[in-house]
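Written out below as structure tokens is the structure these notes cover.
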Amino acid sequence: MTEFAALVDGYRRFRDNGWSRERARWEQLAEGQAPRVMLVACSDSRVDPATIYDATPGEMFVVRNVATLVPPYEPDGSYHGVSAALEFAVTQLGVSEIVVMGHGFCGGCAAALTGQFSGTGPGEGGFIAHWIDMLADARARVRAAHPEPLDRAAYLEMEHEGVRVSLRNLRTFPWVAERERAGSLALHGAFFAISDGVLHLLDEASGRFSAA
Ligand SMILES: [Zn+2]
């Protein structure tokens, strides 16, 4: 059996249980979505937002990518997947909250800290290197505070910095900043530790994360 075939078996269980039990709600969802929260998370297979928040379909508009990053506002001719999703969530769906949820043992944040893919071409890590280059300033800050050899505290700080950088970048989008100023949009930083299953929330005033 292929891995995907195993997943299709899972789909059959869902169809028999989850879907049929909530059939009416699925029919209602077919008429349109109205999530109140947008969530940015990592593509990492261990940090599925619906599982962590025990959320149901329709509750969260989710974007996942390498290292949970929101790029800065760059109105150029490139293909901006995260910016398109953000624009849709904020200006079309009118979400009232955006959560940036980093996580422990993040490979993307680790690569940003160690420079694992720097200098590589597309297909050799080059796309990753360019993407996580968004964390270059954060890397310099963390490196200055944590001399070699890099310990878990250094990686953790890099993971936390990733959330702060994404929140900063979110505020470079004019329609995010305007809505936040007007009080119709709130931004949150969060961090899921994985190993102990604990979610931490960022207090932006102090810059500290603490257990929810
Ligand atoms: Zn990650």
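In each ligand, atom 1 is the first atom listed, and ligand 1 is the first ligand listed.
- Looking at heavy atoms from C-beta onward, Leu135 lies in side-chain contact with Met158 at the 4.5 angstrom threshold.
- The side-chain heavy atoms of His160 and Val163, taken from C-beta on, include no pair separated by under 4.5 Å.
- Cys106 contributes SG and Cys42 contributes SG; the angle these two atoms make at the Zn ion (ligand 1) is 130°, rounded to 10°.
- Using a 4.5 Å heavy-atom cutoff, the side chains of Met101 and Tyr53 are in contact.
- The side chain to side chain donor-acceptor pair (under 3.5 Å) pairs that include a residue from residues 136-145 are Arg141-Glu161, Arg143-Glu148, where partners are two or more places apart or lie in different chains.
- Residue contacts to the Zn ion (ligand 1): Cys109 brings no N, O or S atom closer than 2.8 Å.
- The Zn ion (ligand 1) sits nearest to atom NE2 when only the N, O or S atoms of His103 are considered.
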